[in-house]
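In what follows, a single structure is set out as C-alpha cells and then discussed.
We number each residue from 1, following the sequence as shown.
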Amino acid sequence: MSLRNDSYERLLNRRHTVGFMFEWLCRLATLAALSFLLVLIGSILVTAFSPGRGKGLAPVTPQTKAPFTESAPELVFKVSNVSGGAFELKDRPGHRVTAFTSSDLRNGVVQFNHDGRRAAPAYDLKISTASDSDTDSVAYTKVGTGNFPDDPRVPVVGPPRSPKPWGWLTWKFLTSGNSYEPTEAGIMVGLWGSIWLIFLTACMAVPVGVGAAVYLEEYAKPTILTRFIQLNISNLAGVPSIVYGILGFTVFSRMFGIFDKQATYVSLKLPGMSSIDITLPLGPVLLSGACTLALLSLPVVIITSQEALRAIPASLRHAAYALGATKWQTMWHQVLPAALPGILTGVILSLSRAIGEAAPLAVIGVAAQLSYAPGRITGLGDVLQHPDKLIRAPFDRFTALPIQVYSWVNEAAPNFEHVAAAGILVLLATLLSMNGIAIFVRQRYQRKIQ
C-alpha cells in the first residue's frame with residue numbers, strides 16, 4: 001500500500017527502527033547494571049578469599065648464587081628508606097641493620113621482618129666492595145620484590161607467610177567475637193545483634209504498619225486529616241535514615257533527658273525469674289535501635305500495604321457482604337489473605353533496608369567493638385538454664401553487622417579490608433536468607449489463594 005509517495009512505508013520503517021533502537025538501549029542498560037553488580041560482587045569475593053598481606057620474618061637470599069662464591073670479592077650492601085618492614089640479623093631479632101655483607105647473605109644471617117603494610121618491601125640500595133670506594137659502588141633507588149634491577153648481586157627478600165591462605169570467611173570468623181587483630185576478628189556478636197535487631201523491628205513495624213494501612217484504606221473517611229496523614233507518610237518514606245537516627249537518639253536513647261541515668265531505673269520482676277533492672281534513659285541498647293529502625297521501616301510498610309489492599313478487586317468485598325459477612329470478617333477472612341503477598345513484599349523491602357542501615361545506629365551510639373551478644377547468651381543451653389536472659393537482651397548493649405563492617409573499613413591496620421569483605425558476604429547471606437524465607441511464605445499464600 002502506498003500513500004503520499006510511499007511516505008507511509010517510510011514512516012513505518014522509521015518507527016520500527018526507533019523501536020528497535022529503544023529495545024537495544026534498554027538491553028544495554030540492563031547489561032550495564034548486571035556488569036556493575038558482577039564487578040562489585042566479584043571484587044568483594046576476591047578480597048574476602050585472598051590470603052592478605054602477611055607479617056613476620058622472611059629470608060634474604062642472593063638473586064643468583066654465582067657472584068657469592070668463596071672466591072668472589074666481598075660486597076657490602078647498604079639499605080636506606082626502607083618501607084614495608086626492616087632488615088634484621090638472625091641472631092639478634094628486633095635489631096635493625098642498615099648494612100650487611102655478601103657473606104652474611106651466603107650464610108643466611110640476614111632476614112627481613114615484614115610489617116604487613118605493603119604487599120612487597122621497597123628500599124634504596126647501595127652496593128660496594130669491602131674497601132667502600134666510590135668508584136666501585138652502584139646505587140639503586142627503591143628496589144623491591146618484583147622490581148629488581150638487572151644485577152645478579154641484588155639481594156632478594158622472600159615473601160612472608162600468608163595470614164589466611166584459604167581466605168577470611170571461615171568457621172572461626174563466624175563463631176568468634178571482634179578483635180583489634182584482623183586474623184582473630186570474628187562476626188558472631190554482630191550477627192546475633194542483627195538477628196535480634198531485625199526480629200524486634202519486625203515485631204513492632206509489621207503489626208503497626210499493616211494496621212495503619214488497613215485503617216487508612218478501609219475504615220478512615222477521606223477527610224482533610226486523613227489526607228494530611230497520607231501526605232506525611234509518603235514524605236517520611238524519603239527522609240534520610242540519619243534523621244531517624246537523631247530522632248531515635250533523642251526519644252529512645254536519651255528519652256528527652258527527663259531521667260537521671262545515675263538514679264532512675266525500673267525493676268521488672270517475672271514469675272520464676274530473677275528481677276531485671278532497666279536503666280532510664282535506655283541508652284544505646286537493643287530496644288532503642290529496634291524502635292529507631294521500626295520508625296524507619298513504617299512508612300514503606302504502610303504504603304506498600306495500602307497498595308496491596310487497593311489491588312484487591314471490590315467484587316471480593318461485595319461477595320462477602322452479600323453472604324452476610326461483617327466488615328471485620330470480610331477484612332480478616334477475604335481481603336487480608338488476598339493482599340498478603342503484596343504486604344509481604346513491602347515487609348521484605350522495608351526490613352531489607354533496615355538490616356543494612358548503619359547511620360541511625362551510629363547516631364544512637366551503638367558500639368563497634370563488643371565481645372558479647374545481647375543478653376550474654378552463648379548458646380541454647382544458656383537460654384534453657386537462664387530464661388531471664390531473653391528478657392534482658394532487649395535492654396542490653398549490642399552491635400550490628402553494618403556497624404562492624406563500617407568499623408573494619410575505617411581501621412588503619414592492614415588486612416582489615418579483607419575482614420570487612422568477609423563481613424559484607426555474611427551480611428548479604430543474612431539478607432538473602434531473610435528474603436528467601438519471606439518469599440517462600442508469600443508464594444505459599446499465593447498458591448492457597450489461587
Handout entry: Any donor-acceptor N/O pair, E88 side chain to Q111 backbone, under 3.5 Å
Key = no

Handout entry: Check against side-chain hydrogen bond (donor to acceptor under 3.5 Å, both in side chains), S103 and E74
Key = CA-CA 7 Å; S103 61; E74 187 75 5; 3.0 Å; yes

Practice task
Please report the closest heavy-atom contact between I302 and A212, naming both atoms and the distance.
Solution key: CD1-CB, 3.9 Å

Practice task
Check whether any side-chain N or O of D396 sits under 3.5 Å from a backbone N or O of P374 as a donor-acceptor pair, and report yes or no.
Solution key: no

Handout entry: Nearest heavy atoms of A290 and L197, plus distance in Å
Key = N-CD1, 3.4 Å

Problem - Beyond-backbone contact of V39 with F36, side-chain heavy atoms, under 4.5 angstrom - result: no

Handout entry: Sidechain-backbone polar pair: S297 side chain, A294 backbone, donor-acceptor under 3.5 Å
Key = no

Exercise for the section: Verify, without hydrogens or angle tests, whether S350 (side chain) and V301 (backbone) share a donor-acceptor contact under 3.5 angstrom. Expected result: no

Problem - Reference residue Y244; test side-chain contact (heavy atoms from CB on, under 4.5 Å); the match among V239, V363, I364 - result: V239

Handout entry: Geometric class of the F112/F87 ring pair [parallel <30°, tilted 30-60°, perpendicular >60°]
Key = perpendicular

Practice task
Answer yes or no: is there a donor N or O on one side and an acceptor on the other, between the side chain of S194 and the main chain of L401, under 3.5 Å?
Solution key: yes

Problem - Side-chain donor-acceptor pair present, N178, W408, cut-off under 3.5 Å - result: yes

Problem - Main-chain N/O of T101 paired with D104 side-chain donor or acceptor, under 3.5 Å - result: yes

Handout entry: CZ/R161: more than 12 non-hydrogen atoms of other groups inside 6.0 Å
Key = no

Exercise for the section: For the pair N415 (side chain) and R53 (backbone), establish whether a donor and an acceptor sit closer than 3.5 Å, ignoring hydrogens and angles. Expected result: yes

